[in-house]
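Inspection log for the structure reproduced underneath, given as structure tokens.
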Amino acid sequence: MTDQRRHDVAIIGGGAAGLSAAVALARSLRSVVVVDAGEPRNAPAAGAHNVLGQDGIAPLELLAAGAREAESYGAEIRRGYAIAARRDADGFELDLADGTTIGARRLLLASGLVDELPEVPGVRELWGKSVVHCPYCHGWEVRGQRIGVIGTSPMSVHQALLFRQLSDDVTLFAHTMPPIDDETAERLAARDIRLVVGNVDRLRADGDHLNAVVVDGRDFPVDAAAVAPRFIARSDLYEQLGGTVTEHPMGVFIETEPMGRTPIAGVWAAGNASDLSAMVAASNGAGLGAAAAINADLVDEDAELAVRERAAIGA
Ligand SMILES: Cc1cc2nc3c(=O)[nH]c(=O)nc-3n(C[C@H](O)[C@H](O)[C@H](O)COP(=O)(O)OP(=O)(O)OC[C@H]3O[C@@H](n4cnc5c(N)ncnc54)[C@H](O)[C@@H]3O)c2cc1C
């Protein structure tokens, strides 16, 4: 079934980036449809922090409020997956998993990223609870606790130093990271960060509470663990339209100009899809910036179309 209306903008993703863009575009009297599968990255966390004025709000509650605000200005929110995208004469067509097709003049990809977690039993189950990654998102919540950093890359040393700011009981478990040189070992020792070299077998937990990191069969008691996922931008639709993703030491992302324009004409990206380290507030800002750039682009196109129409009728 095809939705006959041609929207000005279709936004893939109703997270912090997509909904901010939807509000700004709808307030500019643009017809906007947001397609959202409802699985924001921070859903496993109890609260979203560093969100000014609403610190600690439940992630889904924050987005529900954002969706209501977008709808109050006339944006349409469609729940479900967009599974295919293609260009047509007037912009883009999107196929949704429910069998419907929608059309739009411009496309904003605000589909976030997938956190590729280390394959250690227990990590996935405790993710966003007592297994964390970001000191700004969860650092306060684990302050003063026994923190184990599961080292999977050279960046894990930096992560251990960051968490050391929050607790004086930090252990770096050198799991699959390259050997640690003497200078790094000295930096860790000088900050009283213990180093345990060996394969992490699994995490031992009691419900959501982590008890220990198990290394080569031996328990090391901890209350929280930090991991460094690989951040993989959701880019299927972008690639269907001919886009290619860019490699980054932390994962892959959709490269854009500062206001979110991608190299694919008519396609913008914002939030974690194009900025792997963007937190909620930065994703809001990126969505808003992209919305302004898209509206400006449509304003230019509308003016050009109007000039052509006047010329056609000989006005
Ligand atoms: C465990 C955890 C805790 C975090 N805590 C914090 C915190 O406390 N404070 C903070 O500032 N940041 C936090 N973050 C980071 C925060 O989650 C991101 O900054 C934010 O979610 C990025 O917003 P986004 O809109 O780019 O993507 P998302 O919020 O991930 O939203 C993307 C949306 O797009 C949808 N989607 C994807 N593909 C499709 C498709 N094809 N069709 C339809 N819908 C689609 C998804 O289902 C999702 O709803 C945390 C992250 C994690 C992993």
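In this chain, numbering begins with 1 at the start of the sequence shown. For ligands, and for the atoms within them, numbers begin at 1 and follow the listed sequence. Here the structure is a predicted model, which means the values were calculated and not measured.
- Of all protein heavy atoms, the one closest to atom 46 (C) of ligand 1 is Glu39 O, 3.7 Å.
- Taking all atoms of both residues into account, the shortest heavy-atom contact from Asp201 to Asp216 is OD2-N, 3.2 Å.
- Distances below 4.0 Å separate heavy atoms of Asp115 from the following atoms of ligand 1: 53 (C).
- Of the candidates Thr176, Leu203, Leu172, Val131, Leu203 is the only one forming a side-chain contact (heavy atoms from CB on, under 4.5 Å) with Ile150.
- At under 3.5 Å, a nitrogen or oxygen of His49, whether backbone or side chain, sits near a nitrogen or oxygen of ligand 1.
- Remark: distances from the non-hydrogen atoms of Gly38 to ligand 1 include one below 4.0 Å.
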Would you sort out whether Asp169 and Ser167 count as a side-chain hydrogen bond (donor to acceptor under 3.5 Å, both in side chains), showing the intermediate values?
CA-CA 5 Å; Asp169 191 331; Ser167 169; 5.8 Å; no
Under 3.5 Å, which donor-acceptor pairs do the side chains of residues 10-27 form with other protein atoms, sequence neighbours left out?
from, atom 1, to, atom 2, distance (Å)
Ser20, OG, Ala16, O, 2.8
Ser20, OG, Asn284, OD1, 3.0
Arg27, NH1, Tyr73, OH, 3.2

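- Close approach of ligand 1 to Gly128 is summarised as follows: ligand atoms under 4.0 Å from at least one heavy atom of the residue are 1 (C).
- With a 4.0 Å cut-off on non-hydrogen atoms, Ser283 touches ligand 1 through its side chain and not its backbone.
- Of the listed residues (Gly80, Gly13, Ser111), the one carrying the non-hydrogen atom nearest atom 43 (C) of ligand 1 is Gly80.
- Contact annotation: for Arg234 versus ligand 1, heavy atoms closer than 4.0 Å belong to the side chain alone.
- For Asn50, the closest heavy-atom approach to ligand 1 does not fall below 4.0 Å.
- Ring geometry for Phe253 against His248 counts as perpendicular: the plane angle is over 60°, on a 0 to 90° scale with 30° as the lower cut.
- Every atom of ligand 1 with a heavy atom of His133 under 4.0 Å away is listed here by number and element: 51 (C), 52 (C), 53 (C).
- Ala43 does not count as a contact of ligand 1, since none of its heavy atoms falls under 4.0 Å from the ligand.
- Between atom 35 (C) of ligand 1 and the options Asp36, Leu109, Asn284, the minimum heavy-atom separation is to Asp36.
- Heavy atoms only, all atoms of each residue included: Gln145 and Ala224 are closest at OE1-CB, 3.9 Å.
- Closest to atom 27 (O) of ligand 1 among all protein heavy atoms lies Gly112 CA, 3.6 Å.
- The two residues Phe173 and Gly148 make their nearest non-hydrogen contact at CE1-CA, 3.7 Å.
- No N or O atom of Ala273 sits closer than 3.5 Å to an N or O atom of ligand 1.
- When all heavy atoms are compared, the tightest approach of Phe92 to Arg87 is CZ-NH1, 3.6 Å.
- For atom 32 (C) of ligand 1, the choice among Ala281, Pro40, Ala269, Ala110 with the nearest heavy atom turns out to be Ala110.
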Checking side-chain contact (heavy atoms from CB on, under 4.5 Å) for the pair Lys129/His209: CA distance, chi angles, key distance, verdict?
CA-CA 8 Å; Lys129 301 175 182 88; His209 186 260; over 6 Å; no
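- Under a 4.0 Å criterion applied to the non-hydrogen atoms of Val35, ligand 1 contributes the atoms 43 (C), 44 (N).
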All N/O donor-acceptor pairs, side-chain side in residues 113-120, below 3.5 Å, sequence neighbours left out:
from, atom 1, to, atom 2, distance (Å)
Asp115, OD1, Arg41, NE, 3.3
Asp115, OD1, Arg41, NH2, 2.9
Asp115, OD2, Arg41, NE, 2.9

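- Of the heavy atoms in Trp127, only side-chain atoms (C-beta onward) come closer than 4.0 Å to ligand 1.
- For Leu63, no heavy-atom contact with ligand 1 is shorter than 4.0 Å.
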What do the steps show when you test Glu183 against Arg187 for salt bridge (charged side-chain N to carboxylate O under 4.0 Å, His left out), and what is the final call?
CA-CA 6 Å; Glu183 194 187 326; Arg187 274 163 66 82; 5.9 Å; no
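- Within ligand 1, counting atoms from 1 as listed, the ones closer than 4.0 Å to a heavy atom of Gly47 are 8 (O).
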Please evaluate residues Arg105 and Asp297 with respect to the criterion salt bridge (charged side-chain N to carboxylate O under 4.0 Å, His left out), reporting the C-alpha separation (whole Å), side-chain torsions for both, the decisive distance (0.1 Å), and the verdict.
CA-CA 11 Å; Arg105 297 167 68 191; Asp297 194 47; over 6 Å; no
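- Residue contacts with ligand 1 do not include Val51, since none of its heavy atoms lies under 4.0 Å from the ligand.
- In this structure, the protein non-hydrogen atom closest to atom 42 (N) of ligand 1 is Ala82 N, 2.9 Å.
- Side chain of Thr262 to main chain of Ile264: a donor-acceptor pair is present (N/O by atom type, distance under 3.5 Å, no hydrogens or angles).
- Of all non-hydrogen atoms in Val227 and Gln159, the two that sit nearest each other are O-NE2, 2.9 Å.
- In terms of N/O distances under 3.5 Å, ligand 1 is approached by Val280.
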Could you walk me through whether Arg106 and Arg30 pass the side-chain contact (heavy atoms from CB on, under 4.5 Å) check?
CA-CA 11 Å; Arg106 299 289 183 275; Arg30 293 293 177 190; over 6 Å; no
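- Distance from atom 5 (N) of ligand 1 to its nearest protein heavy atom, with residue and atom name: Cys137 CB, 3.4 Å.
- For ligand 1, the polar-atom distance check against Ile12 finds no nitrogen or oxygen pair separated by under 3.5 Å.
- Polar contact with ligand 1: absent for Gly271 (N/O pair, distance under 3.5 Å).
- Listed by number with element, the atoms of ligand 1 under 4.0 angstrom from any heavy atom of His138 are 1 (C), 2 (C), 3 (C).
- The pair Asp36-Arg79 meets the salt-bridge criterion, since a charged nitrogen lies less than 4.0 angstrom from a carboxylate oxygen.
- Residue Leu237 has no N or O atom closer than 3.5 Å to an N or O atom of ligand 1.
- Looking at Tyr81 next to ligand 1, no N or O pair under 3.5 Å apart turns up.
- A donor-acceptor pair under 3.5 Å is formed between the side chain of Ser111 and the backbone N or O of Arg234.
- Residue Asn272 has at least one heavy-atom neighbour below 4.0 Å for each of these atoms of ligand 1: 18 (C), 19 (O), 20 (C), 22 (C), 26 (O).
- Only the backbone of Ala278 comes within 4.0 Å of ligand 1, counting heavy atoms alone; no side-chain atom from C-beta on gets that close.
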